[in-house]
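Step one of this worksheet: look at the structure below.
Numbering of residues begins at 1 and proceeds along the displayed sequence. Values below: all heavy atoms of this structure, side chains included; hydrogens, waters and symmetry mates excluded.
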Amino acid sequence: MKKKKNIFMLTIMSIILVIYIIGMTILNIKFIRYINPSPITYVSIAWEIDLPKPDKMEIIYGRGSAEGEDLEIWQYNEEEIKDIINNSSFKKIDEQNKEFVLQKINSYYDGARPEEEKLFDENIDVECLVVEENYFAFNTDKSNEASWILLILDYKTGKLYYFVNVY
């Protein structure tokens, strides 16, 4: 009789454990979807540019939400690159907008601190970046035109260069 009672208790506990595991899995999936809606975006809503989560992100320098410049390089796979190119915020670099992109990069560079200039020089080749096969997106903060974001997608390498200027 005692052996039957132990088997019964073990069966009940196993069923409870299975229900618990299934319940936690369902809750966890809902929780993940709530926190990370698809597509996962990394660019602040203030910039009004939605991007998929990069496969790899390298922060060259940045101050988070403080005033100053941020420079990051994000790596994307081929499918994500196509999504970015199809994003209405991105335009192909051409003869008409090339000077605008260069002017923004130069003003960004001029506002950098000496240690940031060094990191910029080590990680960015402007001549290779501002070419006609690449794409860019630009937006300003609606409440402060001096604050802006410039994204340049290097189509060949799958790297997105993230320049943020906040003042």
Side-chain angles (χ1 to χ4, degrees), residues 28-167:
N28 192 29
I29 290 170
K30 287 182 180 178
F31 183 68
I32 290 170
R33 286 186 184 156
Y34 176 74
I35 289 177
N36 300 320
S38 181
I40 299 170
T41 57
Y42 269 61
V43 177
S44 168
I45 196 77
W47 302 115
E48 298 176 2
I49 301 171
D50 294 328
L51 294 172
K53 176 183 174 185
D55 295 332
K56 180 181 170 189
M57 184 182 347
E58 180 181 0
I59 299 172
I60 308 302
Y61 55 82
R63 298 190 184 115
S65 60
E67 287 187 357
E69 291 80 22
D70 292 348
L71 176 59
E72 300 177 7
I73 301 173
W74 299 357
Q75 184 71 50
Y76 286 100
N77 65 43
E78 191 173 329
E79 184 179 314
E80 293 164 333
I81 291 169
K82 290 176 185 174
D83 288 343
I84 292 170
I85 290 169
N86 292 328
N87 184 319
S88 62
S89 299
F90 279 81
K91 299 175 188 89
K92 194 166 183 129
I93 295 176
D94 60 23
E95 283 301 317
Q96 287 79 30
N97 58 36
K98 191 174 189 177
E99 282 303 314
F100 171 80
V101 174
L102 282 170
Q103 181 268 329
K104 286 298 173 189
I105 290 175
N106 287 332
S107 72
Y108 175 89
Y109 186 83
D110 292 343
R113 299 182 310 192
E115 61 271 15
E116 292 170 345
E117 286 179 7
K118 183 177 187 266
L119 289 168
F120 183 98
D121 292 338
E122 291 171 355
N123 291 281
I124 306 297
D125 184 350
V126 175
E127 288 182 21
C128 291
L129 199 56
V130 184
V131 294
E132 292 187 18
E133 65 251 8
N134 290 341
Y135 294 79
F136 81 101
F138 177 81
N139 207 349
T140 60
D141 183 340
K142 303 301 181 227
S143 63
N144 180 3
E145 295 287 318
S147 295
W148 49 265
I149 184 170
L150 173 66
L151 305 171
I152 300 177
L153 176 66
D154 185 335
Y155 185 77
K156 288 181 183 175
T157 65
K159 292 181 178 180
L160 184 132
Y161 294 81
Y162 173 99
F163 303 92
V164 174
N165 188 51
V166 178
Y167 289 101

Side chain to side chain contact (heavy atoms under 4.5 Å, CB included) assessment of Ser89 paired with Tyr135
CA-CA 10 Å; Ser89 299; Tyr135 294 79; over 6 Å; no
Do Ile85 and Tyr155 pass the side chain to side chain contact (heavy atoms under 4.5 Å, CB included) test, and can you show the C-alpha distance, the side-chain angles, and the key distance before you say yes or no?
CA-CA 9 Å; Ile85 290 169; Tyr155 185 77; 3.1 Å; yes
Test Phe90 against Leu160 for side chain to side chain contact (heavy atoms under 4.5 Å, CB included), laying out the working first.
CA-CA 12 Å; Phe90 279 81; Leu160 184 132; 3.8 Å; yes
Using the rule given for side chain to side chain contact (heavy atoms under 4.5 Å, CB included), can you reason through Phe136 versus Val130, listing the C-alpha separation, both sets of side-chain angles and the distance that settles it, and then say yes or no?
CA-CA 9 Å; Phe136 81 101; Val130 184; over 6 Å; no
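A donor-acceptor pair is defined here as one N or O able to donate and one able to accept, closer than 3.5 Å; such a pair exists between the side chain of Asn134 and the backbone of Leu129. The backbone N or O of Phe100 sits nowhere less than 3.5 Å from a side-chain atom of Asn97 that would complete a donor-acceptor pair. For Asn87 (side chain) and Asp50 (main-chain N/O), a donor-acceptor pair under 3.5 Å exists by modelled atom type. At least one donor-acceptor pair closer than 3.5 Å links the side chain of Asn165 to the backbone N or O of Ala146. In this structure, the side chain of Gln75 engages the main chain of Thr157 through a donor-acceptor pair within 3.5 Å.
Atom CD of Glu78 is surrounded by 12 or fewer heavy atoms from other residues, nucleotides or ligands within 6.0 Å. Other residues, nucleotides and ligands contribute over 12 non-hydrogen atoms within 6.0 Å of the CD atom of Glu145. Around the CD atom of Gln103, the shell of radius 6.0 Å holds more than 12 heavy atoms that belong to other residues, nucleotides or ligands.
Between Ser107 and Trp148 there is a side-chain heavy-atom pair separated by less than 4.5 Å. Side-chain atoms of Trp47 and Ser147, non-hydrogen and from C-beta on, do get closer than 4.5 Å to each other. Residues Tyr109 and Val126 have side chains not in contact (no heavy-atom distance under 4.5 Å, counting atoms from C-beta outward). Between Ile84 and Leu151 there is no side-chain heavy-atom pair separated by less than 4.5 Å. Put simply, the side chain of Glu69 does not reach to within 4.5 Å of the side chain of Arg113, judged on heavy atoms. Side-chain contact check for Ile124 versus Ile105: every heavy-atom pair is 4.5 Å or farther apart. Using a 4.5 Å cut-off on side-chain heavy atoms (C-beta onward), Ile149 and Ile49 make contact.
If you look at Phe163 and Tyr108, their ring centroids are closer than 6.0 Å.
Shortest non-hydrogen contact noted between Glu95 and Glu132 is OE2-OE2, 2.6 Å.
We find the CH2-NZ distance between Trp74 and Lys53 to be 12.0 Å, quoted to the nearest 0.5 Å. Here the straight-line distance linking atom CD1 of Ile60 with atom NZ of Lys118 works out to 12.5 Å at 0.5 Å rounding. A distance of 14.5 Å separates NZ in Lys91 from CG in Leu153, rounded to the nearest 0.5 Å. Here the CG-CD distance, from Asp121 to Glu116, works out to 12.0 Å after rounding to the nearest 0.5 Å. To the nearest 0.5 angstrom, Ile152 atom CD1 is 11.0 Å from Ile73 atom CD1. To the nearest 0.5 Å, atom CE of residue Met57 and atom CD of residue Glu72 are 6.0 Å apart.
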